[in-house]
Amino acid sequence: MRITPSILNADLANLNAEIGRIPSSDMIHLDVMDQRFVPNMTFGLPMVESIRKGTAKQLDLHLMIEECDRLAPAYAEAGADSVTFHVEASNAPIRLARELRRLGARAGMGLRPATPIEPYADMIGELDMVLLMTVEPGFGGQGFLDLVLPKIERTRKLVSASGLDIWIQVDGGVSPATIERCVDAGADTFVAGSAVFNAQDPDAMVNALRDQAIVRCGH
Ligand code: DX5
Ligand code: ZN
């Protein structure tokens with residue numbers, strides 16, 4: 001059970017300090033947006049390189065960009081530990097996943113809420129993580145979409161059948177009120193943005209979410 005706080009709702013002008021507020025996090029989730037794949041813009045490679053220099057924490061990149069086939073490998077080269085591209089934006093997801101792994105990063109593939117997992121069942125072994133969006137990507141603080149839960153269950157079945165250690169990450173609206181539904185459906189890696197950074201004590205919230213997930217799953 002891993003908690004990877006999204007800094008999207010943190011103070012973006014003081015990111016090193018904000019990352020310092022969540023020492024218990026397993027990874028730091030960085031949302032890169034290009035205002036084309038999603039109607040919002042955050043930051044790109046120079047910012048990630050700067051964040052890389054400022055922290056030893058593992059960096060979990062979530063690329064919400066159209067040109068992932070061309071641009072994603074540079075994030076692996078910049079020292080991101082995990083790089084997730086969106087399958088809706090990739091023309092060659094197998095080639096891209098292999099390239100990310102070759103560069104030493106974990107390869108993640110993200111799906112919008114309405115994108116089915118089944119067309120990608122045969123390539124799941126190319127991945128280290130599947131990210132299932134539980135809101136439409138683009139903004140923090142949105143309501144959790146329960147309609148994604150059956151897809152989480154189906155993804156867990158595919159991963160179990162593969163026998164591989166592929167993480168299932170949920171992103172969007174994850175909070176103490178929704179994390180147990182995600183655990184029950186089979187997720188093991190949880191992005192939480194507003195739930196963590198709107199909390200009075202963000203690090204206590206990270207630990208509370210992880211404890212809640214561990215208790216719910218029974219180990
Ligand atoms: C949304 C981003 C998320 C977002 C999550 O498009 O991918 O990582 O920051 O924020 P919350 O937890 O507030 O939904
Ligand atoms: Zn994200």
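Counting convention: from 1, in listed order, for ligands and their atoms alike.
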[X]: numbered ligand 1 atoms lying under 4.0 Å from its heavy atoms:
X	answer
M64	6 (O), 7 (O)
G140	10 (O), 13 (O)
S6	4 (C), 8 (O), 9 (O)
A192	12 (O)
G141	11 (P), 13 (O), 14 (O)
P137	6 (O)
V191	8 (O)
H62	7 (O)

As a quick check of understanding, evaluate salt bridge (Lys or Arg N to Asp or Glu O under 4.0 Å) for R216 and E180, giving each step before the final call. CA-CA 6 Å; R216 184 71 181 188; E180 294 183 352; 3.3 Å; yes
From the list V196, T4, D26, side chain to side chain contact (heavy atoms under 4.5 Å, CB included) partner of V206 resolves to V196
Restricting to heavy atoms, the pick from N198, L8, I7, D171 nearest atom 5 (C) of ligand 1 would be D171
What pair of heavy atoms forms the shortest contact from [X] to [Y], and how long is it?
X	Y	result
N40	M33	O-CB, 3.2 Å
D69	S90	OD1-OG, 2.7 Å
K57	S25	NZ-O, 2.6 Å

Would you say [X] and ligand 1 have an N/O pair spaced under 3.5 Å apart?
X	result
V135	no
G138	yes
G172	no
G173	yes
D31	yes

The N/O/S atom of D171 lying closest to the Zn ion (ligand 2) is OD2
min-distance N/O/S atom, H62 vs the Zn ion (ligand 2), resolves to ND1
So the ring pair (Phe, Tyr, Trp, His ring centres under 6.0 Å) pairs with at least one residue in residues 59-91 (sequence neighbours excluded) are H29-H62, F37-H86, H62-H86
Could you check whether [Y] and [X], counting side-chain N and O atoms only, form a donor-acceptor pair closer than 3.5 Å?
X	Y	result
S82	R106	no
Q169	D188	no
S24	D203	yes

In this structure, atom 1 (C) of ligand 1 is nearest to the protein heavy atom F139 O, 3.6 Å
re atom 12 (O) of ligand 1, the protein heavy-atom contact at minimum distance is G193 N, 2.7 Å
Tracing side-chain contacts under 4.5 Å among Ile, Leu, Val, Met, Phe, Trp and Tyr outward from M133 reaches L131, V135
In this structure, CD1 of I28 is separated from CG of D60 (nearest 0.5 Å) by 9.5 Å
Angle subtended at the Zn ion (ligand 2) by H29 NE2 and D31 OD1, to the nearest 10 degrees, is 90°
inquiry  = Before you tell me yes or no, could you show the steps for L59 and M27 under side chain to side chain contact (heavy atoms under 4.5 Å, CB included), namely the whole-Å CA-CA distance, both residues' side-chain angles and the distance that decides it to 0.1 Å?
reply    = CA-CA 6 Å; L59 298 182; M27 302 177 93; over 6 Å; no
Within the 4.0 Å heavy-atom cut-off, what S194 brings close to ligand 1 is both
